[in-house]
Amino acid sequence: MSFRRELKIKIVPTNLRLFRDWLNQNNFLPLHKKRLVHSIYFDNLNMRMFFHSIEGIVPRKKIRIRNYDTQNYYQNKKKFLETKISSVENRFKISKSTNNTFGLLKFGIFDKDYGICKPVVRVSYHREYFKFSNVRVTIDTNICYKKFNRFVSKPWKKDRSVAVEIKCSPDISLDYIFNKFPFEQIRFSKYTNAVESVL
């Protein structure tokens, strides 16, 4: 477990090509192939993680089950139980593989700060990965949200936003990025967007 800086950038979809050109001009190279990411987010009965995220309270958490490269979440693919923690010092993520997906979805997850947390929403998107030196950039497109229901199929709701994240260790300054390109730094959370869109 290690802390990292994580900045989120708002890219207007029509400027996505311009942003890709900027990555190329600044020597960012693809890290690996584009992947489909699918997550199920958990929260407690009072939706405290959602409200903590909206209010920017630290420390706060997001808890999710995530898998990659499958259109059907319930296919027999490797899944990860992840806890993403935002603290005063910065952010870090705890991730471990799990074979108990159905048990977690049925009975929930116990967290020492939030108590019993049950699945709330599903989020899917396509992610591209780029890297230069010790700085990693991801581009998320085709973002979709759905209310979680184990028994009834709910429709997906599309988010036309393009989510760009820049991640690095806390000792690296990212000022040069903002000086070279007119990015708009925002607080962008797929979980809170999903809750506001489908609940």
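The first residue of the sequence shown is numbered 1, and numbering continues consecutively from there. These numbers come from the heavy atoms of this one structure, side chains and all, not from hydrogens, waters or symmetry mates.
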Enquirer: For the ring pair Phe132 and Phe28, is the centre-to-centre distance below 6.0 Å?
Expert: yes

Enquirer: If you measure from CZ on Arg60 to NZ on Lys62, what distance do you get to the nearest 0.5 Å?
Expert: 5.5 Å

Enquirer: Quick check with a 6.0 Å cut-off and a 45 degree axis cone: is Arg35 positioned over the face of Tyr68's six-membered ring?
Expert: yes

Enquirer: Nearest heavy-atom pair of Glu196 and Ile54: which atoms, and what distance?
Expert: OE2-CD1, 3.3 Å

Enquirer: Return the orientation label for the Tyr191 and Phe50 ring planes: parallel under 30°, perpendicular over 60°, tilted otherwise.
Expert: perpendicular

Enquirer: Mind checking whether Ile9 and Glu165 have side chains closer than 4.5 Å, heavy atoms only?
Expert: no

Enquirer: Out of curiosity, Ser86 OG to Lys93 NZ, how far, rounded to the nearest 0.5 Å?
Expert: 12.5 Å

Enquirer: Considering non-hydrogen atoms only, spot the tightest contact between Cys117 and Met49 and give its length.
Expert: SG-CE, 3.4 Å

Enquirer: So, His38 versus Arg122: side-chain donor-acceptor pair below 3.5 Å or not?
Expert: yes

Enquirer: If you take all heavy atoms of Val123 and Tyr125, which pair is closest and at what distance?
Expert: CG1-CD2, 3.9 Å

Enquirer: Is there a side-chain contact between Asn193 and Tyr145 (heavy atoms, below 4.5 Å)?
Expert: yes

Enquirer: Among side-chain atoms of Asp159 and Ser161, is any donor-acceptor pair under 3.5 angstrom?
Expert: yes

Enquirer: Using a 6.0 Å cut-off, check whether atom NZ of Lys146 has over 12 heavy atoms from anything other than its own residue.
Expert: yes

Enquirer: Test question: given the 4.5 Å side-chain rule for I, L, V, M, F, W and Y, name all other residues clustered with Ile116, or answer none.
Expert: Phe110

Enquirer: Is there a side-chain contact between Ile139 and Val162 (heavy atoms, below 4.5 Å)?
Expert: yes

Enquirer: Tell me, please, which residues at least two apart from Lys61 pass salt bridge (charged side-chain N to carboxylate O under 4.0 Å, His left out).
Expert: Asp111, Asp113

Enquirer: Grab the two heavy atoms, one from Pro119 and one from Ile40, that are nearest each other, plus how far apart they are.
Expert: CB-CG2, 3.7 Å

Enquirer: Would you call Cys168 and Asn134 a side-chain contact if the rule is heavy atoms closer than 4.5 Å?
Expert: no

Enquirer: Are any of the side-chain nitrogens in Lys84 or Glu6 under 4.0 Å away from the carboxylate oxygens of its partner?
Expert: yes

Enquirer: For residues His52 and Tyr114, establish whether the separation of their ring centroids is below 6.0 Å.
Expert: yes

Enquirer: Looking only at heavy atoms, which two atoms of Asn67 and Lys78 are closest? And how far apart?
Expert: CB-O, 3.4 Å

Enquirer: Side-chain donor-acceptor pair under 3.5 Å between Arg66 and Ser39, yes or no?
Expert: yes

Enquirer: What pairs with Lys33 under side-chain hydrogen bond (donor to acceptor under 3.5 Å, both in side chains), at least two apart in sequence or on another chain?
Expert: none

Enquirer: Could you walk me through whether Lys96 and Glu82 pass the salt bridge (Lys or Arg N to Asp or Glu O under 4.0 Å) test, one step at a time?
Expert: CA-CA 7 Å; Lys96 60 182 180 180; Glu82 298 183 345; over 6 Å; no

Enquirer: When you compare the side chain of Val195 with that of Thr192, does any pair of heavy atoms fall below 4.5 Å?
Expert: no

Enquirer: Indicate the atoms forming the closest heavy-atom contact of Lys8 with Ser189, along with that distance.
Expert: NZ-CA, 4.3 Å

Enquirer: Ignoring hydrogens and geometry, is there a side-chain-to-backbone donor-acceptor pair from Asp43 to Arg48 under 3.5 Å?
Expert: yes

Enquirer: Heavy-atom count around Leu199 CG within 6.0 Å, excluding the residue itself: above 12?
Expert: yes

